[in-house]
**Q** 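I'd like to ask you about the structure that follows.
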Amino acid sequence: MTVRTRFAPSPTGFLHIGGARTALYNWLYARHHGGTFILRVEDTDADRSTAESMQIILDGLKWLGLEWDEGPEVGGDYGPYFQSERNEVYDRYLAKLEASGHLYEDEGAIRFRVPDKIITVSDVVCGQVSTNLKEQGSRRYDAEAKQEVEANPDIVIRRPNGGYIFHFVNVVDDIEMAITHVIRGEDHLSNTPKHLALFEALGATPPVFAHIPLNLNPSGTKMSKRDQGALIHEYQEGGFLPAAVDNYMALLGWSTKDDQEIFSLEELRLRFDLPGVNSSNSKFDYDKCRWVNGEHLKHLPAADLFKHASPFLSRAGIDPGDARVPAALELARDRVQLLSEIPGVIATIFADSVAYDEASITKVQEKEELPVIISALTAGISAATDWSIDGIKAAIHEAAGQIGLKMGALMLPCRVAVMGSTSGADLVPVLVLLGKEEVIKRLKTFSEMPGLAG
RNA sequence: GACCCGUUCGUCUAAGGGUUAGGACACCGCCCUUUCACGGCGGUAAUACGGGUUCGAAUCCCGUACGGGUCGCCA
């Protein structure tokens, strides 16, 4: 039997990190076992579902590289993949339950009579979990009154307006779409006995269940939209690489038994399996997520780096078409963690004028011989004939000798004069990129700054 | 409140009866670098608590505490 997993989002908002991770685990599991990954849209709540939300979710999954084999846009043999288009299927299953006496009407709604017996969920991650729905559901907690009240344990599966309810359509579709493994958040563990009761009443074999631990925010409560790192589209905008986000999400609740932390999507696909999933919730760590991204950035092929960085360059006013960009990216890639940080490292190379950092100027001004250094530097650079890394180094070395200083003493002033700050990319390669004329021009501009000599 | 799940450094995790409890992020220190970084090396830091079982428990059992989840005509 080939594995079939599904991600079943409800299009009522953004693609959230929790949902994305569920999608990732389902995708990985299916791909690892040579199975099929299905995207099914659970839009039975017409009032809350929107087309915009649907688009955001689709775009998010595509960005993460989680292509689906069946579902919206691609179709498949088990469609339609929007629950809002599957009413005749649900009607058929409803009739089946009706015929076997499992249903009754209650104020216009249809209820499914739950059995009065212990139902045991065999979960791959959580083990055996038993409950009696009849006992469990006969009382309900009233959050406002803060007390338990009598309740009807039988599950409403259809609204008076004819709309079907989650528990029912979820089970029907898992049967109809031949889903073999249900991998979902642990928040569904308590719902699973209800689903099992429905599978049984419908005479169907339930899929394998794997309830994965939840991702919490750093304060230990459920991630909300407002928490940093909660929304997938913000990763894209914030300068993360999709593979890095996949990598970090995979690590939240799953691990290999060795010490590897950095994985490509392909490596994850090869190595991911359910036994590696642990059962306790984890807190989201934005710093580590950034670190993972930085690691991916370091190993990205140059062409991919260019492709991913380009939008961020454009946004910062740097023309990605500039011939110096690829070299500049190489200078930036191993000192940033996010794509969005790249312009900050290299923008001055492409700028018409240098924006001087106040603190940096103060720092080099402390050297009394600053004017001497700058003029020696200017002279040395002007005299340079070999405009290469080695040639420039030799020129600076020579200039330092002229005024009885070490080369190191000239580097920081040179850096501030040319790039405006004491920190930034490796200086000599930057000078190469800038070109001799521009470097001399910047040294000159710097030396003429008012008050500098004082 | 009832039920369910969980609990190893601050965080993510490894160790499925015998380890100086390992790794990673973050933090701190040192080294390297004729600039800035990268990098390398090292350090601080954990088995929630109490009872069992056992020659021996982070590991198995029970209880307590704490955390999370569920209790909709949302999904």
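This one's a predicted model, so the numbers in the text were calculated from it and none came from an experiment. We name chains A, B, ... by the order of the sequence lines, and we start the count at 1 in each one.
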**Q** Base, sugar-phosphate, or nothing for A:Thr44, non-hydrogen atoms under 4.0 angstrom?
**A** sugar-phosphate
**Q** Can you check the distance between B:rG42 and B:rA15, where both ends of the measurement are the P atom (answer in whole Å)?
**A**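 After rounding to an integer number of Å, I get 24 Å for this pair.
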**Q** Can you tell me if A:Arg159 touches the phosphate of B:rC74, counting only side-chain N or O atoms and a distance under 4.0 Å to OP1 or OP2?
**A**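 So the side-chain polar atoms of A:Arg159 do come within 4.0 Å of the phosphate oxygens OP1 or OP2 of B:rC74, strictly under.
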**Q** Considering only the C1' atoms, how many Å lie between B:rC66 and B:rU47, rounded to the nearest integer?
**A**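 Nearest-Å result for B:rC66 against B:rU47 at atom C1': 16 Å.
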**Q** For A:Ser421, report the nucleic acid contact type (base, sugar-phosphate, nothing); a contact means any heavy atom under 4.0 Å.
**A** nothing
**Q** Looking at B:rG39, which nucleotide sits across from it as a Watson-Crick or G-U wobble partner, both distances under 3.5 angstrom, or is there none?
**A**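 When the pairing criteria are applied, B:rC31 turns out to be the nucleotide that pairs with B:rG39.
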**Q** Under 3.5 Å, is there a donor on one side chain and an acceptor on the other for A:His167 and A:His195?
**A** yes
**Q** For A:Gly220, which contact category applies under a 4.0 Å heavy-atom criterion: base, sugar-phosphate, or nothing?
**A**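 Sugar-phosphate only.
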**Q** Which atoms of nucleotides 1-5 of chain B (N or O only) lie under 3.5 Å from a protein N or O atom, and what are those distances?
**A**
from  : atom 1 : to       : atom 2 : distance (Å)
B:rG1 : N2     : A:Glu148 : OE2    : 3.1
B:rG1 : N3     : A:Glu148 : OE2    : 3.2
B:rA2 : O4'    : A:Glu148 : OE2    : 3.1
B:rC3 : O4'    : A:Gln136 : OE1    : 3.4
B:rC5 : O2'    : A:Glu186 : OE2    : 3.1

**Q** Give none if B:rU47 has no partner; otherwise give the nucleotide forming a Watson-Crick or G-U wobble pair with it, both distances under 3.5 Å.
**A**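 Check on B:rU47: unpaired, no WC or wobble geometry under 3.5 Å.
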**Q** Heavy atoms under 4.0 Å, any strand shown: does A:His211 hit a base, just sugar-phosphate, or nothing?
**A**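 The residue A:His211 makes no contact with any strand.
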**Q** Would one find a side-chain N or O of A:Lys406 under 4.0 angstrom from OP1 or OP2 of B:rU35?
**A**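 So the side chain of A:Lys406 is outside the cut-off, no N or O lying under 4.0 Å from OP1 or OP2 of B:rU35.
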**Q** Just call it for A:Lys298: base, sugar-phosphate, or nothing, with non-hydrogen atoms closer than 4.0 Å on any strand.
**A** sugar-phosphate
**Q** Rounding to an integer number of angstrom, what distance separates B:rC12 and B:rA45 when you compare their C1' atoms?
**A**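 Approximately 15 Å lies between the C1' atom of B:rC12 and that of B:rA45.
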**Q** Could you work out the separation of B:rU13 and B:rG18 based on their C1' atoms and round it to a whole Å?
**A**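 One C1' to the other, the span is 23 Å.
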**Q** Can you name the atoms? Protein N/O to nucleotides 11-16 of chain B N/O, anything below 3.5 Å, with the distance.
**A**
from   : atom 1 : to       : atom 2 : distance (Å)
B:rC12 : OP1    : A:Lys283 : N      : 2.9
B:rC12 : O2'    : A:Leu251 : O      : 3.3
B:rU13 : OP1    : A:Gly253 : N      : 2.8
B:rU13 : O3'    : A:Ser255 : OG     : 3.2
B:rA14 : OP1    : A:Ser255 : OG     : 3.2

**Q** When the P atoms of B:rA58 and B:rG68 are compared, how many Å lie between them, rounded to an integer?
**A** 28 Å
**Q** Can you check the distance between B:rU7 and B:rG23, where both ends of the measurement are the P atom (answer in whole Å)?
**A** 22 Å
**Q** Does B:rA2 pair with anything, Watson-Crick or G-U wobble, both distances under 3.5 Å, and if so, with which nucleotide?
**A** B:rU70
**Q** Which part of the nucleic acid, if any, lies within contact of A:Leu427, taking any heavy atom under 4.0 Å across all strands shown: a base, the sugar-phosphate backbone alone, or nothing?
**A**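 Since a base atom lies under 4.0 Å of A:Leu427, the category is base.
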**Q** Select base, sugar-phosphate, or nothing to describe what A:Glu107 touches, counting heavy atoms under 4.0 Å on all strands.
**A** base
